[in-house]
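One structure, as structure tokens, below. Some questions next.
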Amino acid sequence: MSTLEIKELYVSVILDDENSKQILKGVNLTINSGEIHAIMGPNGSGKSTLAATIAGHPKYRVDSGEILLDGEDVTEMSVDERARAGLFLAMQYPVEIPGVTMSNFLRSAKTAVDGQAPALRTWTKDVKEAMSKLKIDADFISRNVNEGFSGGEKKRHEILQLELLKPKFAVLDETDSGLDVDALKIVSEGVNRAHQDNDMGVMLITHYTRILRYIKPEFVHVFVDGHMVDQGGPELADRLEEEGYVSYLGK
């Protein structure tokens with residue numbers, strides 16, 4: 001079993017060479033293999049900052065605290081080292097990569113994460129099967145990464161990476177944003193497959209409960225003003241759907 005543990009994490013966003021602003025203010029969270037944790041909260045509460053910090057985005061500076069993966073602090077690791085260690089971030093706004101085909105990108109990523117190139121015959125089969133399950137047209141494999149993709153196509157490509165790279169822990173930063181009902185169901189099914197097949201731990205960041213109809217969390221955490229203010233089971237998400245975050249603001 002693997003464990004992702006965040007301990008007393010304080011993080012600032014770097015505004016320029018001389019200025020920064022503290023966003024995370026003492027975050028504590030533990031996720032074990034196979035667990036699904038939903039992180040919910042209003043806009044501007046720091047949820048995406050938490051996701052980016054776990055992944056190692058250079059815009060965010062860890063002021064104090066630890067991010068431990070199986071007991072090892074990853075805060076000094078580069079982004080690629082964190083990926084090789086087993087962390088994966090599905091971005092809220094996936095970027096376009098002109099000049100790099102999906103085929104080359106996916107195989108290069110798999111090689112970098114595993115430390116060796118996958119066998120071509122089995123790799124091609126795995127990619128085709130995963131694309132089919134996510135209802136990604138076969139000709140997308142020769143297109144440049146996310147270039148000209150719709151919002152739903154970009155999100156499905158993120159989950160394609162998730163299924164093929166098989167990380168220990170996935171951080172899903174508002175994966176449901178911009179998805180219609182059909183795309184949301186397809187993406188959710190992909191996350192559930194990766195979770196079940198690989199005993200993957202999941203941190204699911206969202207504003208709304210609609211994705212929780214398909215991806216069922218065991219734990220729900222309320223995130224306000226840079227830290228956790230409440231936690232509970234799935235019933236907490238239902239209460240948030242009815243009451244919103246008003247009772248937590250100012251805490």
Side-chain angles (χ1 to χ4, degrees), residues 1-14 20-41 43-95 109 112-113 155 158-159 161-163 165-177 191 194-195 198-207 211 215 217-229 231:
M1 183 180 75
S2 290
T3 301
L4 176 63
E5 186 177 7
I6 300 168
K7 300 175 66 175
E8 286 298 314
L9 187 65
Y10 288 78
V11 172
S12 294
V13 59
I14 299 172
S20 63
K21 179 181 179 182
Q22 192 168 79
I23 304 297
L24 302 186
K25 305 170 185 177
V27 178
N28 291 281
L29 177 66
T30 299
I31 302 176
N32 296 308
S33 295
E35 294 179 351
I36 299 177
H37 292 244
I39 311 295
M40 304 185 70
N43 283 325
S45 58
K47 302 184 302 299
S48 292
T49 294
L50 176 60
T53 302
I54 293 171
H57 196 298
K59 181 181 177 182
Y60 300 96
R61 182 188 68 226
V62 175
D63 299 322
S64 64
E66 298 174 305
I67 303 172
L68 302 172
L69 178 58
D70 295 332
E72 182 176 5
D73 194 347
V74 305
T75 55
E76 297 300 322
M77 290 184 182
S78 63
V79 174
D80 59 301
E81 288 172 334
R82 298 183 198 209
R84 286 195 295 271
L87 297 177
F88 178 92
L89 171 64
M91 294 182 287
Q92 183 178 357
Y93 303 108
V95 298
V113 167
K155 294 299 177 74
E158 292 281 282
I159 305 308
Q161 296 172 51
L162 176 66
E163 291 206 65
L165 298 180
K166 305 182 188 304
K168 294 177 181 178
F169 293 96
V171 180
L172 310 180
D173 187 11
E174 298 193 31
T175 297
D176 51 340
S177 66
V191 173
H195 168 249
N198 308 315
D199 198 32
M200 180 182 71
V202 178
M203 179 191 294
L204 176 61
I205 295 172
T206 183
H207 291 295
I211 194 171
I215 302 174
E218 301 163 78
F219 309 94
V220 176
H221 308 267
V222 183
F223 204 79
V224 174
D225 192 28
H227 63 287
M228 306 292 186
V229 297
Q231 58 186 354

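Owing to the predicted nature of the structure, the values given are computational and were not obtained by experimental measurement.
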According to side-chain contact (heavy atoms from CB on, under 4.5 Å), who are the partners of Thr49, at least two apart in sequence or on a separate chain? Val11, Ile23, Leu24, Thr53, Tyr60
Nearest 0.5 angstrom please: Leu87 CG to Leu165 CG, how far?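 Going from CG on Leu87 over to CG on Leu165, the span is 12.5 Å.
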Go through Val74 and Leu68 one step at a time and tell me if the side chain to side chain contact (heavy atoms under 4.5 Å, CB included) criterion holds. CA-CA 6 Å; Val74 305; Leu68 302 172; over 6 Å; no
Nearest atoms (heavy-atom pairs only) where Pro167 meets Gly86: CB-O, 3.4 Å
For Glu174, salt bridge (charged side-chain N to carboxylate O under 4.0 Å, His left out) partners two or more places apart: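 For Glu174, no residue satisfies salt bridge (charged side-chain N to carboxylate O under 4.0 Å, His left out) once neighbours in sequence are set aside.
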With Lys166 via salt bridge (charged side-chain N to carboxylate O under 4.0 Å, His left out) - residues at least two apart: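 Salt bridge (charged side-chain N to carboxylate O under 4.0 Å, His left out) list for Lys166, sorted by chain: empty.
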Heavy-atom donor-acceptor pair, His195 side chain to Gly34 backbone, under 3.5 Å: yes
Which heavy atom of Lys155 sits nearest a heavy atom of Pro94, and at what distance?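 Taking Lys155 first and Pro94 second, the nearest heavy atoms are CE-CD, 3.9 Å.
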Between Glu158 and Met91 (side chain of the first, backbone of the second, donor and acceptor by atom type, cut-off under 3.5 Å), is there such a pair?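 At least one qualifying donor-acceptor pair exists.
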Tell me the salt bridge (Lys or Arg N to Asp or Glu O under 4.0 Å) pairs involving residues 48-61, sequence neighbours left out? Arg61-Asp63
Would you indicate whether the side-chain heavy atoms of Leu4 and Ile67 approach each other to under 4.5 Å?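 Yes, close enough: below the 4.5 Å cut-off.
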Using modelled atom types and a 3.5 Å cut-off, is there a donor and acceptor pairing between side-chain atoms of Ser33 and backbone atoms of Ser2? yes
Which pairs, with at least one residue in residues 67-76 and sequence neighbours excluded, count as a salt bridge (Lys or Arg N to Asp or Glu O under 4.0 Å)? Asp70-Lys168
Between His227 and Asp225 (side chain of the first, backbone of the second, donor and acceptor by atom type, cut-off under 3.5 Å), is there such a pair?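 Between the backbone of Asp225 and the side chain of His227 there is a qualifying donor-acceptor contact (under 3.5 Å).
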Compare all side-chain heavy atoms of Met200 with those of Leu162 and state whether any distance is below 4.5 angstrom.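 Met200 vs Leu162: side chains touch.
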Side chain to side chain contact (heavy atoms under 4.5 Å, CB included) assessment of Val27 paired with Phe223: CA-CA 9 Å; Val27 178; Phe223 204 79; 3.8 Å; yes
Work out which heavy atom in Pro58 is nearest to a heavy atom in Ile14; give both atom names and the distance. O-CD1, 3.9 Å
Against Asn28, only a single residue in Lys7, Glu8, Glu5 fulfils side-chain hydrogen bond (donor to acceptor under 3.5 Å, both in side chains); can you say which?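 With Asn28 as partner, side-chain hydrogen bond (donor to acceptor under 3.5 Å, both in side chains) holds for just one option, Glu8.
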Answer whether the closest heavy-atom distance between the side chains of Val222 and Met40 falls below 4.5 Å. no
A side-chain contact here means heavy atoms from C-beta on lying under 4.5 Å apart; do Ile39 and Met228 qualify?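 With C-beta onward as the side chain, the pair touches.
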Could you check whether any side-chain heavy atom of Ile36 comes within less than 4.5 Å of a side-chain heavy atom of Phe219, counting everything from C-beta outward?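 SC-SC contact between Ile36 and Phe219 ruled out.
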Side chains of Thr206 and Lys47: donor-acceptor distance under 3.5 Å anywhere?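 There is no such pair (donor and acceptor under 3.5 Å, judged by atom type) between the side chains of Thr206 and Lys47.
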Do Ile54 and Leu89 touch side chain to side chain, with heavy atoms closer than 4.5 Å?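 Ile54 vs Leu89: side chains apart.
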Is Ile6 close to Leu50 at the side-chain level, that is, under 4.5 Å between some pair of heavy atoms? yes
Could you please spell out the steps behind the side chain to side chain contact (heavy atoms under 4.5 Å, CB included) verdict for His221 and Leu29? CA-CA 9 Å; His221 308 267; Leu29 177 66; 3.4 Å; yes
Return the CD to CD distance between Glu218 and Glu35, rounded to the nearest 0.5 Å.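 Here the rounded value is 5.5 Å.
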How about Leu172 and Ile205: do any of their side-chain heavy atoms sit closer than 4.5 Å?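 When only atoms from C-beta onward are counted, Ile205 and Leu172 do not touch, as no gap falls below 4.5 Å.
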Contacts of Glu66 meeting side-chain hydrogen bond (donor to acceptor under 3.5 Å, both in side chains) (sequence neighbours excluded), chain-then-number -> none
Supply the atom-to-atom distance Met203 CE to His37 NE2, rounded to the nearest 0.5 angstrom. 8.5 Å
